[in-house]
Amino acid sequence: MINVVVAFIGGVLALIITHTNFSVSSGVGVLALFGVSVQTGVIMLEYINQMRARGHTIEDAAIQEPSSDCAPL
């Protein structure tokens with residue numbers, strides 16, 4: 001769940017850098033960013049679990065590039 005925290009920090013930094021006030025529109029954007037962040041995390045965990053099922057260690061599965069298996073990323 002660290003990806004959600006990083007997404008929040010990135011969203012806040014983007015608002016600060018662009019001198020934009022927090023509004024309903026920016027709130028919806030931050031929620032969309034959370035959704036994409038969570039989805040990406042789930043896809044990566046699923047890929048790591050598939051690699052572990054194929055006999056790789058956790059370290060190898062996490063380091064190996066997902067390439068075509070994670071096309072939505």
Side-chain angles (χ1 to χ4, degrees):
M1 295 307 289
I2 190 73
N3 54 347
V4 176
V5 175
V6 172
F8 177 73
I9 292 170
V12 170
L13 283 176
L15 289 174
I16 291 171
I17 290 171
T18 60
H19 301 290
T20 304
N21 293 328
F22 189 80
S23 64
V24 173
S25 297
S26 60
V28 170
V30 169
L31 285 176
L33 182 61
F34 285 172
V36 170
S37 176
V38 169
Q39 181 181 14
T40 302
V42 169
I43 291 171
M44 288 301 296
L45 284 176
E46 181 61 30
Y47 173 76
I48 290 171
N49 287 335
Q50 286 177 359
M51 294 303 291
R52 288 186 64 208
R54 294 178 190 163
H56 291 82
T57 64
I58 294 175
E59 292 83 11
D60 290 340
I63 292 172
Q64 188 174 0
E65 184 174 336
S67 64
S68 64
D69 287 343
C70 289
L73 293 179

**Asked** CG of L45 to CZ of R52: how many Å apart, nearest 0.5 Å?
**Response** 11.0 Å
**Asked** Between L15 and F22, which heavy-atom pair has the shortest distance, and what is it?
**Response** CD1-CD1, 3.7 Å
**Request:** Step through the shown structure and confirm whether more than 12 heavy atoms of other residues, nucleotides or ligands are within 6.0 Å of CZ on F8.
**Result:** no
**Message:** Has S37 got a side-chain atom pairing as donor or acceptor with A7's backbone, closer than 3.5 angstrom?
**Reply:** no
**Prompt:** Are V36 and V42 joined in one hydrophobic group, where the rule is that I, L, V, M, F, W and Y side chains link up if heavy atoms are under 4.5 Å apart?
**Reply:** no
**Prompt:** Taking C-beta and beyond as the side chain, do V38 and N3 meet within less than 4.5 Å on heavy atoms?
**Reply:** no
**Side-chain touch D60/M51, heavy atoms, less than 4.5 angstrom** = no
**Message:** If I take atom CD1 from residue I2 and atom CD1 from residue I9, how far apart are they, to the nearest 0.5 angstrom?
**Reply:** 7.5 Å
**Item:** Same apolar cluster (I L V M F W Y, side chains within < 4.5 Å links), V30/V12
**Value:** yes
**Message:** Within this structure, what is the CD-CE distance for the pair Q39 and M44, rounded to the nearest 0.5 Å?
**Reply:** 13.0 Å
**Message:** What's the separation between atom CG in L31 and atom OG in S26, rounded to the nearest 0.5 Å?
**Reply:** 10.0 Å
**Donor-acceptor pair between S23 and S25 side chains, under 3.5 angstrom** = no
